[in-house]
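One structure is given here, and the rest of the page talks about it.
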Amino acid sequence: MSEEEKVIAQETNEAEAGVPVETAAEAAAEAPAEAVVEAEAVTEAEAAVEAEAAVEAEVPAETVAEAEAPAEEATEAEAAAEAPAESMADYDAAITASMKPIHEGDILKGTVIGVSDEELTVDLGIYTDGIVRREDASDDPDFTFRDFEIGQEISATVIRRDNAQGRIQLSLKAAAAVLGWERLQQLEKDQTNITVKISEAVKSGVTAYVEGIRGFIPASKLALSYVENLDEYVGKEIEVRVITAEPEGKHLVLSARDILREKEREERKQRISNVEVGLVTEGTVETIKDYGAFIDLGKGLSGLVHVSQISQQRIKHPGAVLKEGQKVKVKVIAVKDGKISLSMKALEDVAAQEIEEETYKMPKAENATTSLASLFKNIKL
């Protein structure tokens, strides 16, 4: 077979075997490159063998994991053995709750699992979650969900069993109409102090929300004295008590004055305890009664000068000597049961005593005689 026929036969065999047909020249040109590749492959193979030998000298991670596996399996087996066996009884409550039929108007308890500016997401422990929209939360224009926290428990009324998202629509406002009034009535009974934020000024008073329910504070109950400018209180937080809670007529009335009076009495009691009997001070005639006059001593303190303690002379009515607004000097003669008793007459007694002590004292008779003799001694007749 000629050389040409050998080449043709070789190309035919390679074509049948799927090897690309190359010319003898191309094969000869690529031969050196293939030799280099084969040499590099041999070098890499040797490097791999050396690397494996080095790795085998150390403890493989797989071996360590396999060695530790039995211990871990043993620990899991022990934990499983110690864990109490669970039964269907453990799930009865959850199953019963999930199967309980839900009706509109029902008040459900749940846990807050989501808070945003516009809604609360509530886990009700049933087949789906509940949603409270902002408009269903409160009538308070300043209401915000920012005060709610994840994990907080709330009560809400079902107003729609299945909204567009397949969740139960809830209302805090509707629940407050029932539960809120119950709490408000309890607050009224216990006379508990609560803090509210004044929402707006209205005719003859201001409004504030408690438990999502709008309450009214009359101007006469807002401070110790009647408040003329009600707008000054809008936005302020004050302490109040529930004095009327009538759910039938939705009538809620609050008062701050009672708390302020108690605080004033307590502060006055404290100040009075610091007043000492015998103190002489100046005051202003506040009011005049048939039985005496009340004197303003300043710092919220006042005392009574009984008609018998006004003057050394007997007077029928305090008005005969005193006028409202008049400045007078008084002496504290008693402090008892939170009351201060004053006297003006006592100061007249003191003044009379001081005058008596300053009166010139005549010498004794013998001294007087001696003095007279000495006077006439040098007189020439």
Indicate yes or no for a side-chain donor-acceptor contact from [X] to the backbone of [Y] under 3.5 Å, with no hydrogens or angles considered.
X: Glu267; Y: Glu264; result: no
X: Gln191; Y: Val242; result: yes
X: Asp296; Y: Gly298; result: yes
X: Arg146; Y: Ser116; result: no

* **Identified side chain to side chain contact (heavy atoms under 4.5 Å, CB included) counterpart of Asp258 within the set Asn193, Val240, Ile243** => Ile243

What I'd like to find out is whether the side chain of [X] reaches to under 4.5 Å of the side chain of [Y], using heavy atoms alone.
X: Val307; Y: Ile315; result: yes
X: Ser311; Y: Lys345; result: no
X: Trp181; Y: Glu246; result: no
X: Asp136; Y: Leu172; result: no
X: Val285; Y: Val305; result: no
X: Ile194; Y: Arg241; result: no
X: Ile295; Y: Val328; result: yes
X: Ile131; Y: Thr121; result: yes

For a quick test of reading the model, state the closest non-hydrogen atom pair linking [X] to [Y] and the distance between them.
X: Asp117; Y: Phe145; value: O-CD1, 3.6 Å
X: Lys329; Y: Met344; value: O-CG, 3.8 Å
X: Val234; Y: Ile198; value: CA-CG2, 3.9 Å
X: Val321; Y: Gln326; value: O-OE1, 3.8 Å

* Donor + acceptor pair across side chains of Gln186, Asp190 (<3.5 Å) -> yes

* Side-chain donor-acceptor pair present, Thr284, Lys327, cut-off under 3.5 Å -> yes

* **Partner of Ser343 by side-chain hydrogen bond (donor to acceptor under 3.5 Å, both in side chains), out of His306, Lys331, Glu348, Gln309** => Gln309

Which side-chain N or O atoms in residues 211-233 pair as donor and acceptor under 3.5 Å with protein atoms at least two apart or in another chain?
from, atom 1, to, atom 2, distance (Å)
Glu211, OE2, Arg183, NH1, 2.5
Arg214, NH2, Glu200, OE2, 3.3
Asn229, OD1, Asp231, N, 3.3
Asn229, ND2, Glu232, OE2, 3.2

* **Arg271 CZ: over 12 foreign heavy atoms closer than 6.0 Å** => yes

